[in-house]
Amino acid sequence: MAIHLTKESKVLVQGMTGAEGMKHTRRMLAAGTNVVGGVNPRKAGRSVDIDGRTVPVFGSVADGIRSTGADVTVVFVPPAFAKEAVTEAADARIPLAVVITEGIPVHDTVAFTAHARRTGTRVIGPNCPGLITPGQSNAGIIPADITKPGPIGLVSKSGTLTYQLMYELRDIGFSTCVGIGGDPVVGTSHIDCLTAFQDDPDTELIVRIGEIGGDAEERAAACIRERVTKPVVGYIAGFTAPEGRTMGHAGAIVSGSTGTADAKRQAVQAAGVRVGRTPTETARLVMETLRNR
């Protein structure tokens with residue numbers, strides 16, 4: 001089992017024929033992802049050969065869905081065109097849109113995430129590494145060779161910390177790893193993933209990686225108290241951040257004591273979450289928790 005992405009997922013890549021889209025499509029295919037097509041209105045009807053596999057290019061997401069039954073799209077388009085690309089995907093009623101693009105204006109993200117909610121399309125991102133179900137499928141830019149399938153579900157705002165925890169816990173493995181993105185507005189929240197992992201029978205333990213700024217940890221703590229019975233281990237990036245300075249992602253804005261690492265740690269610990277002060281300590285807490293179950 002997994003959340004949002006399985007070996008049955010059929011993946012389109014919007015922007016596949018660009019340099020970044022092509023590079024990461026090649027990596028997704030190498031990881032076993034069922035990439036069924038690319039989307040580029042100017043190159044509709046052509047096909048691209050990627051390491052011996054012929055991938056068709058469609059003029060729109062709707063065309064790709066009609067021809068292939070695609071249920072996931074990965075968006076590799078420049079920031080100026082991201083709103084249009086995600087809106088098109090949502091209008092086509094694709095179930096999942098993974099938006100890798102960074103630097104999208106916040107008002108564009110607000111518009112396309114609201115539109116996607118109305119049409120029933122789940123958006124992951126923007127400014128995210130995507131998600132991976134090891135051994136099954138990889139939608140985005142997460143390295144596929146640093147871990148294996150296993151019982152841990154991971155949700156993170158940080159791509160780099162996603163990779164580090166995946167690597168440090170590689171001997172145990174993961175059900176699904178989701179990078180939700182670090183922008184102030186994202187389509188899928190920690191709470192969405194916590195709830196999905198709680199409902200996934202093959203996820204035994206959840207790791208959530210947050211950071212200073214905002215109130216995501218406080219809201220996640222309330223969710224954990226009310227809905228999550230599986231053990232949760234957390235890490236909050238920013239324990240050593242200088243006071244009074246904006247750090248990290250665009251969403252990492254601290255106001256007074258609200259949003260500090262210590263305030264967040266206290267909130268989630270009150271909900272029963274074990275919190276590591278470093279990624280390595282967090283990995284150790286995960287291993288201890290699994291051993292003691």
Note to self: Against Thr73, only a single residue in Gln14, Lys10, Glu88 fulfils side-chain hydrogen bond (donor to acceptor under 3.5 Å, both in side chains); can you say which?
What the structure shows: Gln14

Measure from the side-chain N and O atoms of [X] to the backbone N and O of [Y], and report whether any donor-acceptor pair falls under 3.5 Å.
X	Y	answer
Ser175	Ile152	yes
Ser47	Pro56	no
Ser67	Gly64	no
Arg27	Met22	no
Arg293	Glu204	yes
Thr33	Asn138	yes
Arg170	Tyr167	yes
Thr101	Val77	yes
Asp192	Ser189	yes
Ser9	Leu5	no

Could you check whether [Y] and [X], counting side-chain N and O atoms only, form a donor-acceptor pair closer than 3.5 Å?
X	Y	answer
Thr195	Arg227	yes
Thr17	Asn40	yes
Thr6	Gln136	no
Gln198	Thr229	yes
Arg208	Ser156	no
Thr176	Thr133	yes

Looking at residues at least two apart in the chain, or sitting in another chain, which of them share a side chain to side chain contact (heavy atoms under 4.5 Å, CB included) with [X]?
X	result
Lys148	none
Pro41	none
Pro95	Asp71

Next item on the list: Would you check, one step at a time, whether the test side-chain hydrogen bond (donor to acceptor under 3.5 Å, both in side chains) holds for Thr188 with Arg122?
Entry: CA-CA 7 Å; Thr188 294; Arg122 173 175 295 282; 3.1 Å; yes

Note to self: For the CD atom on Glu84, are there more than 12 heavy atoms of other groups (residues, nucleotides or ligands in this structure) within a distance under 6.0 Å?
What the structure shows: no

Note to self: In the structure I gave you, are the side-chain heavy atoms of Tyr163 and Ile141 within less than 4.5 Å of one another anywhere?
What the structure shows: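 They are in contact (side-chain heavy atoms under 4.5 Å apart), so the answer is yes.
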
Next item on the list: Would you check if Val207 and Val286 make a side-chain contact, meaning some heavy-atom pair closer than 4.5 Å?
Entry: yes

Item checked: Arg284/Glu168 ion pair, N-O < 4.0 Å -> no

